[in-house]
Amino acid sequence: MSGLILFAADVPENLSIFDPVSPPGHSIVQMAIFVLAVTGVIALIVEGALIYSILKFRRTEAARPDASKEPPQVYGSHPIEIAWTAAPTLIVFVLILVIARTEWETRPKIAPFEKGRKDNALYVTVYGRQWWWEYRYEGYNGETLGFVTANELHVPQGSEDTPRPVYLTLKSADVCHSWWVPRLGGKTDVIPGKTNQMWFQTNEKGLYLGQCAEYCGTQHAKMLLRVYVDPPDEFAKWLDDQKQDAITPKDEKVIAGRDVYLKTSCVDCHRVGGTGSKGNYAPDLTHLMSRQTLASGIIPNNKKNLRDWIADPRKIKPGCLMAGFGLMGEADLDAITEYLHTLK
Ligand code: CUA
């Protein structure tokens, strides 16, 4: 447990929508402040009038000897009725316009990836799954990519001269989820049978955290999001690494580990590029150790946690779809861990 707490201290805790680093984030916070200001002024006027009336016209015999009588009843005043109909209509109309503009800015129509178009844009298809994120890298700056990774999204850092937008196409493999990294933009629901899109672009490198924002089952709270914004050269290097197949082991212990791995049912769900492990139901393990975390961002990715996870995933994440391998002997467990730990 202390490992978890230490880990939480290592990561940036800023998940505030009021500190955006991307155009959609800025649009949303501007709209939020405007709407808050308008409704705040209305609340002040209404509550002010209410409190003033309560205090000023209280029923006290001393102040108003006629307080037991009803006050004068006024019926039908055209100016007043026109005023209280027109003012709210005007306010609602202004709010609709502002919200429509924000919607337009945060969800423009996104042209699909096109090979050879040098637009500095990254195209990724996101699949929400119980309870992790799959990222299919479609293409970047006109180049087709075609690799798959999980839970940690790497994107390029843009600059004033060269924006590098990220276009996400979001789909669900099972139930409703919602992709939300507050500093990059608004929530986008991930819904079975429907394809949604969103975009962001940032000139600030670093790690941005988020969280699935739609209840999706027992481990909804542990479906964390991590977006790494890398300088363009680091990002290009990361892409090159991810495109490769898994390294072929040379060490005898690791070769033995790979052979054990390939004989277990791991291969039905997981993929390791360049081997017979071709499952596409669970996270792609080709470059497992290039990721900082396991189990959708909840524990650090190191040898001990990896072994604990393989031994009994449901102890770490109760209800998760990966079965525990309780029947697997300690020796096999060590061997598989040894192999997976080399997949950089
Ligand atoms: Cu996925 Cu909540």
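Nothing fancy with the numbering, it's 1 onward along the sequence. Each ligand, and each atom within it, is numbered from 1 in the order the structure gives.
- The distance from atom 1 (Cu) of ligand 1 to the nearest N/O/S atom of His177 is under 2.8 Å.
- Looking at His220, its N, O or S atom nearest to atom 2 (Cu) of ligand 1 turns out to be ND1.
- When rounded to 10 degrees, the angle formed at atom 2 (Cu) of ligand 1 by O (Glu214) and SG (Cys216) equals 110°.
- None of Tyr140, Tyr123, Tyr137 except one satisfies the ring pair (Phe, Tyr, Trp, His ring centres under 6.0 Å) rule with Phe113; the exception is Tyr123.
- At a threshold of 4.0 Å, the pair Lys253-Asp251 does not count as salt-bridged, since none of the basic side-chain nitrogens sits closer than that to a carboxylate oxygen.
- Under 4.0 Å is where a charged nitrogen must lie from a carboxylate oxygen, and between Glu338 and Arg258 no such pair does.
- Among the atoms of Cys212, an N, O or S atom is found under 2.8 Å from atom 1 (Cu) of ligand 1.
- Salt bridge present: Lys237 and Asp241 bring a charged side-chain N and a carboxylate O closer than 4.0 Å.
- Residue contacts to atom 1 (Cu) of ligand 1: Tyr215 brings no N, O or S atom closer than 2.8 Å.
- Between Thr149 and Asp284, the side chains place no donor N or O within less than 3.5 Å of an acceptor N or O (distance only, hydrogens not considered).
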